[in-house]
Amino acid sequence: MGRSDMSDLEWDFIRSVLPKKSRGVKQVDDRRVITGIFHVLRTGIPRAGLPAQYGLPA
């Protein structure tokens, strides 16, 4: 787990407020995408500079 990654406790809270039913085909892991969004907000880097490990589409 990286410095900016969510703990399991934090993820359990966020997952509890996400919709239970998804629409369409699930393409990426929600936890990776949300962690990537938090990384952008914390560091201020542009989304285009985000490492691929966070699974955000271009």
Side-chain angles (χ1 to χ4, degrees):
M1 181 163 92
R3 230 171 42 137
S4 65
D5 291 350
M6 286 183 280
S7 70
D8 289 337
L9 181 65
E10 292 168 325
W11 173 242
D12 287 340
F13 174 77
I14 290 173
R15 185 175 44 192
S16 72
V17 298
L18 291 176
K20 303 294 184 222
K21 293 183 180 181
S22 62
R23 296 181 184 180
V25 178
K26 186 171 183 174
Q27 297 180 357
V28 293
D29 178 37
D30 290 337
R31 184 174 184 166
R32 278 184 18 185
V33 173
I34 292 173
T35 301
I37 292 167
F38 287 158
H39 182 76
V40 168
L41 293 173
R42 268 190 225 119
T43 62
I45 66 170
R47 194 180 115 201
L50 191 64
Q53 72 188 39
Y54 293 114
L56 290 177

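Applying the 6.0 Å contact sphere to NZ of Lys20 captures more than 12 heavy atoms from other residues, nucleotides or ligands.
To the nearest 0.5 Å, atoms CD1 (Ile34) and CD (Glu10) are separated by 12.0 Å.
Looking at residues two or more places apart in sequence or on another chain, you find a side-chain contact (heavy atoms from CB on, under 4.5 Å) between Leu41 and Ile37, Phe38.
The pair Asp8-Arg31 meets the salt-bridge criterion, since a charged nitrogen lies less than 4.0 angstrom from a carboxylate oxygen.
Contact record, Met6 with Ile14: SD-CD1, 3.5 Å, taken as the closest heavy-atom pair.
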message: Test side-chain contact (heavy atoms from CB on, under 4.5 Å) on Leu50 and His39; report intermediate values, then the result.
response: CA-CA 8 Å; Leu50 191 64; His39 182 76; 3.4 Å; yes
